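So the structure is just underneath, and the comments pick up after that.
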Amino acid sequence: MDSVVQLQRQLVDYRAQLFNEGFLDEQFNQLQQLQDESNPDFVVEVVTLFFEDSERLLDELAKALEQQSVDYRKIDAHVHQLKGSSSSIGAQRVQKVCIGFRNFCEERNIEGCQKCLQQVKHEYSLVKTKLETLFKLEQKILAAGGSIPLPM
């Protein structure tokens, strides 16, 4: 039982770290509060959809920025969608980069857009890795017979 308590403390500390470092915001807590016994995988399912959608959008953005004639409205629509989905799961740092990205779209600044694409890919990769680690830690706790401590 000590190992379960230790894992639970580790989870609470790791979750707090994700908030302190700005990876997640309050929206993630609200998402977790929607999960219950009738739908125990709710957060993982929603976040997995976010991962799939984000990867598709990032590919679309890369292709759109490689075109001879850049369609800034199309790029802005993709960034707007990515901003919305990252906001809905609480991926704060991805959302913030998208705000700057949209400004470069409005200015029709190709260099700014390309730089932001690299930044958003980087932030997305970081939050994906961090959330996957969080979910693995939760699975370890459940496998050891413990329960997931609710967010504060």
Side-chain angles (χ1 to χ4, degrees), residues 7-36 38-142 148-152:
L7 285 170
Q8 288 171 327
R9 276 199 199 110
Q10 194 178 344
L11 176 67
V12 168
D13 291 346
Y14 188 68
R15 193 186 292 143
Q17 179 186 342
L18 294 181
F19 280 84
N20 292 338
E21 293 176 0
F23 285 103
L24 300 175
D25 64 20
E26 183 57 32
Q27 185 62 36
F28 187 76
N29 281 342
Q30 291 177 12
L31 193 63
Q32 287 186 307
Q33 290 170 358
L34 296 174
Q35 183 167 291
D36 58 22
S38 67
N39 197 357
D41 297 325
F42 178 74
V43 175
V44 172
E45 289 170 3
V46 170
V47 171
T48 299
L49 289 172
F50 165 72
F51 291 159
E52 291 168 2
D53 193 46
S54 296
E55 287 171 22
R56 180 187 58 78
L57 288 168
L58 290 169
D59 285 345
E60 292 288 328
L61 284 165
K63 287 176 191 166
L65 285 169
E66 290 170 359
Q67 300 302 310
Q68 286 287 349
S69 176
V70 175
D71 183 347
Y72 289 97
R73 280 191 301 219
K74 182 178 182 180
I75 293 168
D76 184 60
H78 290 322
V79 175
H80 180 70
Q81 194 175 351
L82 182 59
K83 179 179 159 258
S85 60
S86 60
S87 174
S88 71
I89 69 146
Q92 183 175 328
R93 286 170 47 164
V94 173
Q95 179 191 3
K96 286 182 177 179
V97 175
C98 287
I99 292 168
F101 201 151
R102 293 194 72 201
N103 290 335
F104 284 119
C105 286
E106 197 173 297
E107 296 167 5
R108 298 179 168 277
N109 179 332
I110 188 70
E111 291 85 13
C113 286
Q114 289 168 333
K115 183 178 176 189
C116 279
L117 176 61
Q118 294 314 307
Q119 285 179 309
V120 81
K121 281 182 174 181
H122 177 72
E123 290 299 338
Y124 165 74
S125 177
L126 288 174
V127 79
K128 182 178 183 192
T129 301
K130 304 247 181 218
L131 286 170
E132 287 171 340
T133 300
L134 181 79
F135 297 148
K136 285 177 188 167
L137 195 49
E138 288 178 349
Q139 287 306 311
K140 275 187 180 178
I141 292 168
L142 294 174
I148 306 300
L150 291 173
M152 299 295 186

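Note that the structure is predicted; figures quoted are calculated from it, not measured.
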Inset, instruction - Identify the two heavy atoms, one from Ser85 and one from Ser88, that lie closest to each other, and give their separation to 0.1 Å. - result: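 Heavy-atom minimum between the residues: O-OG, 2.8 Å.
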Salt bridge (Lys or Arg N to Asp or Glu O under 4.0 Å) partners of [X], counting only residues at least two apart:
X      : value
Glu138 : none
Glu55  : Lys128
Asp53  : Arg56

Legend entry - Criterion side chain to side chain contact (heavy atoms under 4.5 Å, CB included) on Leu131 and Leu24, from CA distance to verdict: CA-CA 9 Å; Leu131 286 170; Leu24 300 175; 4.1 Å; yes
With sequence neighbours excluded, tell me which residues meet side-chain contact (heavy atoms from CB on, under 4.5 Å) with [X].
X      : answer
Ala62  : Leu117, Lys121
Val70  : Leu65, Tyr72, Ile75, Ile110
Gln35  : Phe42, Val43
Leu142 : Gln139, Ile148

Inset, instruction - Before giving the answer on side chain to side chain contact (heavy atoms under 4.5 Å, CB included), spell out for His78 and Lys74 the whole-Å C-alpha distance, their side-chain angles and the decisive distance to 0.1 Å. - result: CA-CA 6 Å; His78 290 322; Lys74 182 178 182 180; 3.9 Å; yes
Can you tell me how far apart [atom1] ([X]) and [atom2] ([Y]) are? Round to the nearest 0.5 Å.
X      : Y      : atom1 : atom2 : value
Arg15  : Leu11  : CZ    : CG    : 4.5 Å
Glu26  : Phe19  : CD    : CZ    : 6.5 Å
Cys113 : Lys115 : SG    : NZ    : 12.5 Å
Phe50  : Tyr124 : CZ    : OH    : 6.5 Å

Legend entry - Leu82 side chain reached by Leu58 side chain, heavy atoms, under 4.5 Å: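 A side-chain contact under 4.5 Å exists here.
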Inset, instruction - Check whether any side-chain heavy atom of Ile89 sits under 4.5 Å from a side-chain heavy atom of Val127, and report yes or no. - result: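 Contact flag for Ile89/Val127 side chains = no.
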Please identify each residue that fulfils side chain to side chain donor-acceptor pair (under 3.5 Å) with [X], with sequence neighbours left out.
X      : value
Glu123 : Arg93
Gln32  : none
Asp36  : Ser38

Review item, side-chain donor-acceptor pairs of residues 94-108, under 3.5 Å, at least two apart:
unit_1 : atom_1 : unit_2 : atom_2 : d
Arg102 : NE     : Asp76  : OD1    : 2.8
Arg102 : NH1    : His80  : ND1    : 2.9
Arg102 : NH2    : Asp76  : OD2    : 3.0

Inset, instruction - May I ask you to check whether Asn20 and Gln17 show a side-chain donor-acceptor distance below 3.5 Å? - result: no
Legend entry - Backbone of Phe51 reached by a side-chain donor or acceptor of Ser54 within 3.5 Å: no
Legend entry - Under 3.5 Å donor-acceptor, Ser86 side chain and Lys83 backbone: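 Checking the backbone N and O of Lys83 against the side chain of Ser86, a donor-acceptor pair under 3.5 Å is found.
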Legend entry - Whether over 12 other heavy atoms sit under 6.0 Å from Lys130 NZ: yes
Inset, instruction - Go through Glu45 and Leu49 one step at a time and tell me if the side chain to side chain contact (heavy atoms under 4.5 Å, CB included) criterion holds. - result: CA-CA 6 Å; Glu45 289 170 3; Leu49 289 172; 5.7 Å; no
Inset, instruction - Might you work through the side chain to side chain contact (heavy atoms under 4.5 Å, CB included) test for Phe23 and Phe28, ending with a clear yes or no? - result: CA-CA 10 Å; Phe23 285 103; Phe28 187 76; over 6 Å; no
